Amino acid sequence: MPKEKKISIVSGLKDKFSRANIMLVTDYRGLSAKEINELRRHLDRSGVEYRVVKNTLARLAANQVGRKKVVSLLDGPVAIAFGYEDEVKLARSLLEYIRDSGSILQIKGGVMGDRVLDQKDVQTLATLPAKEALVSQLVGQMLTPLQSLHNILIIPLRGILVLLQARMRQLEGG
């Protein structure tokens, strides 16, 4: 492969490694080109990029952008799924494809932030609710104490209001 082409590949991988929130490394051995293309289309619908990589070039790119933890997963023929938005969506989409298609694709592991994920972590991640659902649950849990405080504070004010209204009626009726 010409040197310019390798430099361009490393540059593209550096961009992907630096932008990705999560990366899942898969062993694609046994998949046909047609199956890999189907997988790419399936993942693309979820905003995920799937790329077969040459390990030496991927190691070089990962080290240059400070993503050294992914290097340990680059062993044998691998492809990397890059997730740029929702971490859960990538794991769920990849496992959904494997389950629905009966694919022999194997997830070797991944990296999310500074954490290395194994296969079990990826499966656990896939079962989490979507980010929006987690945020709404958190907001709901934050509102509960505020609503309780509101109710505690409003009860004496209601009593004063009822008392003032009664006094106003008393003064009007004379």
Side-chain angles (χ1 to χ4, degrees), residues 1-139 141:
M1 187 180 311
K3 187 176 181 180
E4 297 84 25
K5 188 169 183 181
K6 287 181 182 179
I7 290 171
S8 132
I9 291 171
V10 169
S11 175
L13 286 173
K14 282 176 22 181
D15 177 55
K16 291 174 191 348
F17 280 125
S18 63
R19 288 187 307 124
N21 296 341
I22 183 170
M23 294 165 277
L24 296 181
V25 179
T26 62
D27 183 348
Y28 65 89
R29 281 184 281 197
L31 293 180
S32 67
K34 180 183 175 187
E35 290 170 319
I36 290 176
N37 286 332
E38 286 175 14
L39 173 59
R40 278 192 179 118
R41 280 192 295 275
H42 178 79
L43 292 175
D44 191 44
R45 283 182 242 138
S46 300
V48 174
E49 193 171 344
Y50 190 72
R51 176 102 188 250
V52 174
V53 296
K54 190 171 178 107
N55 291 341
T56 53
L57 299 179
R59 280 189 195 102
L60 185 62
N63 284 324
Q64 286 181 3
V65 295
R67 289 294 190 104
K68 294 176 172 60
K69 293 188 178 192
V70 77
V71 173
S72 64
L73 299 168
L74 299 174
D75 183 36
V78 297
I80 303 175
F82 295 95
Y84 304 108
E85 295 170 12
D86 189 4
E87 294 85 356
V88 174
K89 192 183 282 187
L90 168 56
R92 185 177 296 135
S93 185
L94 192 57
L95 288 173
E96 181 182 280
Y97 174 80
I98 293 170
R99 183 191 65 230
D100 292 347
S101 68
S103 177
I104 59 172
L105 181 72
Q106 301 235 337
I107 298 173
K108 295 178 93 172
V111 175
M112 183 174 65
D114 289 335
R115 182 166 182 219
V116 176
L117 306 172
D118 60 14
Q119 290 175 339
K120 188 176 179 182
D121 293 333
V122 174
Q123 290 177 343
T124 303
L125 186 63
T127 61
L128 289 175
K131 191 180 231 178
E132 296 81 19
L134 289 173
V135 168
S136 69
Q137 288 174 1
L138 177 65
V139 169
Q141 288 180 354

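These values consider heavy atoms only, across backbone and side chains, with no hydrogens, waters or symmetry-generated copies. From a predicted model like this one, the values you see are computed outputs, not experimental measurements.
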When rounded to the nearest 0.5 angstrom, what is the spacing between [atom1] in [X] and [atom2] in [Y]?
{"X": "S11", "Y": "I9", "atom1": "OG", "atom2": "CD1", "result": "10.5 Å"}
{"X": "L24", "Y": "Q119", "atom1": "CG", "atom2": "CD", "result": "11.0 Å"}
{"X": "I98", "Y": "L105", "atom1": "CD1", "atom2": "CG", "result": "4.5 Å"}
{"X": "Q123", "Y": "K120", "atom1": "CD", "atom2": "NZ", "result": "9.0 Å"}
{"X": "E85", "Y": "R19", "atom1": "CD", "atom2": "CZ", "result": "10.0 Å"}
{"X": "N37", "Y": "D44", "atom1": "CG", "atom2": "CG", "result": "11.5 Å"}

ring-ring contact (aromatic ring centres under 6.0 Å, His included) with Y97: which residues, sequence neighbours excluded?
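Testing Y97 for ring-ring contact (aromatic ring centres under 6.0 Å, His included), a comparison that skips the adjacent residues, returns H42.
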Set of ring-ring contact (aromatic ring centres under 6.0 Å, His included) partners for F17, sequence neighbours left out:
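Here the qualifying residues are F82.
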Given 3.5 Å as the limit, does a donor-acceptor pair link the side chain of [X] with the main chain of [Y], or not?
{"X": "S8", "Y": "E4", "answer": "no"}
{"X": "R67", "Y": "V111", "answer": "no"}
{"X": "D121", "Y": "D118", "answer": "yes"}
{"X": "N55", "Y": "G76", "answer": "yes"}
{"X": "S93", "Y": "L43", "answer": "no"}

Tell me whether the count of non-hydrogen atoms from other residues, nucleotides or ligands lying under 6.0 Å of [atom1] in [X] goes above 12.
{"X": "R115", "atom1": "CZ", "result": "no"}
{"X": "Q106", "atom1": "CD", "result": "no"}
{"X": "D114", "atom1": "CG", "result": "no"}

May I ask you to test the [X]-[Y] pair for a side-chain heavy-atom distance under 4.5 Å?
{"X": "D75", "Y": "K108", "result": "yes"}
{"X": "I22", "Y": "L117", "result": "yes"}
{"X": "I80", "Y": "K16", "result": "no"}
{"X": "K89", "Y": "V48", "result": "no"}
{"X": "L39", "Y": "L94", "result": "yes"}

Side chain to side chain contact (heavy atoms under 4.5 Å, CB included) with [X]: which residues, sequence neighbours excluded?
{"X": "T56", "value": "K54, R59"}
{"X": "N21", "value": "E87"}
{"X": "L128", "value": "V88, L125"}
{"X": "A126", "value": "A91, R92, L95"}

One thing to verify: whether R29 and D27 come together as a salt bridge, which I'm taking to mean a side-chain N less than 4.0 angstrom from a carboxylate O.
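Salt bridge present between D27 and R29.
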So, for [X] and [Y], which heavy atoms are closest and what is the spacing to 0.1 Å?
{"X": "L90", "Y": "G83", "answer": "CD2-N, 3.8 Å"}
{"X": "A62", "Y": "V70", "answer": "CB-CG1, 3.6 Å"}
{"X": "G47", "Y": "Y84", "answer": "O-CD1, 4.2 Å"}
{"X": "R51", "Y": "R40", "answer": "CA-NH2, 4.5 Å"}
{"X": "L13", "Y": "A61", "answer": "CB-CB, 3.6 Å"}
{"X": "V25", "Y": "L73", "answer": "CG1-O, 3.7 Å"}

Side-chain donor-acceptor contact under 3.5 Å, Y28 with E35
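Per modelled atom types, Y28 and E35 side chains form no pair under 3.5 Å.
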